[in-house]
2 protein chains.
Amino acid sequence: MARVTTSPTFKRLPRAVREQQMLDAAVRVFSRRGFHAASMDEIAEDAGISKPMVYAYLGTKEELFIACLHREGTRLMEAIVAGVGADLPPDEQLWRGLRAFFGFVGAHRDGWAVLYRQARAQQPFAGALSTMRERMVEVVSAMLVQALAAEGREVRDMDLQVMAYALVGASESLADWLADHPDADPDKTATRMMNFAWVGAAHLLHGETWHAAP
Amino acid sequence: MARVTTSPTFKRLPRAVREQQMLDAAVRVFSRRGFHAASMDEIAEDAGISKPMVYAYLGTKEELFIACLHREGTRLMEAIVAGVGADLPPDEQLWRGLRAFFGFVGAHRDGWAVLYRQARAQQPFAGALSTMRERMVEVVSAMLVQALAAEGREVRDMDLQVMAYALVGASESLADWLADHPDADPDKTATRMMNFAWVGAAHLLHGETWHAAP
DNA sequence: GCGTAACCTTACGTGCGAGTAGGTATGATG
DNA sequence: CATCATACCTACTCGCACGTAAGGTTACGC
């Protein structure tokens, strides 16, 4: 033991910085290996640090994963709410929301999308994720309610909820597709989603098409 | 060693039967634990058999999982193609397809849905699953092409593919929802999906509604 | 009735990876 | 310069679960 320490090629860094580096590494490794197959050793190595540091700063493997989930989730939410204005017409709101969403996923392909896939499958995290999804469904539902109010119509709560769920689900699916196709264009994907969701298949087939305002 | 064998409460069974029991158990355990957290011991115990039997009949853990995936996937596909007639009008085709799909998921809640979630997340199986998904997208695409031909229209291949993808994705999402809500009714879910997919949000909001033929 | 093949078991070997013990450098503060 | 906290490391322990060796027991054909 007591080997001469490796030449101090890398400087010491304050905790906050290292934590971010670790989270970056963790997201990378979790996304390419999956939660269980990812080893703490690999994460530590990828972060350019040794394992006990990870335990010291971010705690156990589960806690680390939760931290990843939390950071990425927050970023996504912020990206979306930053894009969508509150008192715009519903189609414009939806369009901006989708645009922000797919833009974000496109910029964080391997990071976010696969992390999402992970959380959905692994038992302990399903809860944490579904909370986030609930929030998105809430947002979409609210939007739909607003649109309905403007029309003077009403729809049963359940139907609305499920519709919002379908919308969110379809978006997640296309996000997966986007994450797997590096050449695909986020904006184009958003436009396609918009057409599917807003105009509807039947009217799409009749030639009706929604498009972004010029 | 050489303990007196446990009283032969359970008879010896032919291979084919035991294999099915093992697959049943495997689906149950994989779905409630996730691939990695599931142990071969637990699967064996759940099947009422000892571990080496599982290895003898179905092979390694990965192979076992693939076998589950294969059986469930085949069943689903059969359920769907059995339901949908080839030369019906497109909306009727879609409706029957959705009905069959949600009916199947409703009947195999914990089994199929969670298994699907697993395969999507775990590295080695993503391929096997995506093959199946491709087939479904193919089917849906073909249906859309047929519908378009009837209208004398044309759409770029890419757009069509992505639309089919969105449709399949939205369905999978609602299937997840269905799997998590034991009280929900599969047919009702199918109807909601049909409304979302066929009529489109915009026209739904204007009061237009698709419904099953009486 | 007796061999042979299929069915089924208990009881391991083994490797990998989560988590930890205990110690070393380095910078800030008096 | 002492001293204290923070950053960081090497080198372990330990349990879990995959996969297997080696052997028992029932059925069935001849």
Side-chain angles (χ1 to χ4, degrees), chain A residues 1-23 25-26 28-30 32-68 118 122-125, chain B residues 1-23 25-26 28-30 32-68 118 122-125:
Chain A
M1 45 309 309
R3 191 117 218 80
V4 171
T5 37
T6 56
S7 58
T9 318
F10 289 84
K11 282 181 62 170
R12 287 176 155 222
L13 292 171
R15 174 166 186 157
V17 176
R18 272 279 130 88
E19 278 182 349
Q20 292 309 310
Q21 293 178 348
M22 288 176 188
L23 286 174
R28 272 194 300 272
V29 176
F30 279 137
R32 78 163 161 267
R33 300 267 190 241
F35 175 75
H36 264 98
S39 79
M40 292 299 265
D41 291 88
E42 184 175 357
I43 291 170
E45 186 185 8
D46 192 283
I49 214 74
S50 76
K51 198 167 43 157
M53 283 273 77
V54 181
Y55 280 88
Y57 285 174
L58 280 326
T60 179
K61 191 180 182 184
E62 280 201 9
E63 288 165 354
L64 174 60
F65 189 84
I66 299 268
C68 292
Q118 284 305 316
Q122 252 68 31
Q123 273 288 6
F125 314 117
Chain B
M1 46 270 15
R3 194 116 217 81
V4 170
T5 37
T6 56
S7 58
T9 318
F10 289 86
K11 282 182 63 169
R12 287 176 153 219
L13 292 172
R15 176 165 185 156
V17 176
R18 273 278 131 88
E19 277 182 349
Q20 292 309 311
Q21 293 179 347
M22 288 175 188
L23 286 174
R28 271 195 300 272
V29 176
F30 278 138
R32 77 161 161 267
R33 300 267 189 240
F35 175 75
H36 265 97
S39 80
M40 292 301 264
D41 292 87
E42 184 175 359
I43 291 170
E45 187 186 4
D46 192 283
I49 213 76
S50 78
K51 198 169 39 157
M53 282 274 78
V54 181
Y55 280 89
Y57 284 173
L58 279 329
T60 178
K61 190 180 180 182
E62 279 201 9
E63 288 165 353
L64 174 60
F65 189 85
I66 300 267
C68 293
Q118 284 305 317
Q122 252 69 30
Q123 273 288 7
F125 314 117

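Reminder, nothing fancy here: chain letters follow the sequence lines and each chain counts from 1.
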Under 3.5 Å between N/O atoms: give me all the protein pairs with nucleotides 21-23 of chain D, atom names plus distance.
none

Nearest whole angstrom, please: distance from the P of C:dG19 to the CD of A:E42. 16 Å
Residues at least two apart in sequence or cross-chain that pass side chain to side chain donor-acceptor pair (under 3.5 Å) with A:Q21, listed by chain then number, are A:R18
Taking only heavy atoms on the protein side, list every residue of residues 54-61 of chain A lying under 4.0 Å from any atom of DNA chain C, sorted numerically. A:Y55, A:T60, A:K61
In whole Å, what is the span from the CZ atom of A:R12 to the P atom of D:dA7? 8 Å
Taking N or O atoms only and anything under 3.5 Å, show me the protein contacts with nucleotides 12-15 of chain D, one pair per line.
none

Check the distance between C:dA6's P and B:E19's CD and give it to me in whole angstrom. 14 Å
Heavy atoms only, 4.0 Å cut-off, all strands: where does A:A37 land among base, sugar-phosphate and nothing? nothing
What is the separation between atom CG on B:L64 and atom C1' on D:dA17, rounded to the nearest whole Å? 15 Å
I'd like to check the side chain to side chain contact (heavy atoms under 4.5 Å, CB included) partners of A:A67; sequence neighbours left out, ordered by chain and number. A:L23
Would you mind listing every salt bridge (Lys or Arg N to Asp or Glu O under 4.0 Å) that reaches into residues 35-44 of chain A, with sequence neighbours excluded? A:R32-A:E42, A:R33-A:E42, A:D41-A:K51
Using the test ring-ring contact (aromatic ring centres under 6.0 Å, His included), find all partners of B:F125 that sit at least two apart in sequence or belong to another chain. B:F35, B:F65
How many whole angstroms separate atom CZ of A:R15 from atom P of D:dT6? 9 Å
Residues B:M40 and B:G59: closest non-hydrogen pair is CE-O, 4.1 Å
What pairs with B:E45 under side chain to side chain contact (heavy atoms under 4.5 Å, CB included), at least two apart in sequence or on another chain? none
Which is true for B:A38 with a 4.0 Å heavy-atom rule: it touches a base, it touches only sugar-phosphate, or it touches nothing? sugar-phosphate
Can you tell me how far CG of B:L58 sits from CD1 of B:I66, rounded to the nearest 0.5 angstrom? 12.0 Å
Rounding to an integer number of Å, can you tell me how far B:H36 NE2 sits from C:dG17 P? 9 Å
Which residues pass the salt bridge (charged side-chain N to carboxylate O under 4.0 Å, His left out) test with B:E19, not counting sequence neighbours? B:R15
Counting C-beta onward and ignoring hydrogens, is there a side-chain heavy-atom pair between B:Q118 and B:F30 closer than 4.5 Å? no
Given atom CZ of B:R33 and atom P of D:dC18, what is their separation to the nearest angstrom? 12 Å
B:E45 CD - C:dT9 P separation (whole Å): 12 Å
Using a heavy-atom cut-off of 4.0 Å across all strands, would you classify A:M53 as base, sugar-phosphate, or nothing? base
Does A:R18 place a side-chain N or O at less than 4.0 Å from the phosphate oxygens OP1/OP2 of D:dT6? no
Does a side-chain N or O from B:S39 land closer than 4.0 Å to OP1 or OP2 of D:dA17, or not? no
Closest contact, heavy atoms only, B:I43 versus B:A25: O-CB, 3.7 Å
Go through the structure and list residues passing side chain to side chain contact (heavy atoms under 4.5 Å, CB included) with B:P124, not counting sequence neighbours. B:E62, B:Q122
What residues, two or more places apart in sequence or in another chain, satisfy salt bridge (charged side-chain N to carboxylate O under 4.0 Å, His left out) together with A:K61? none
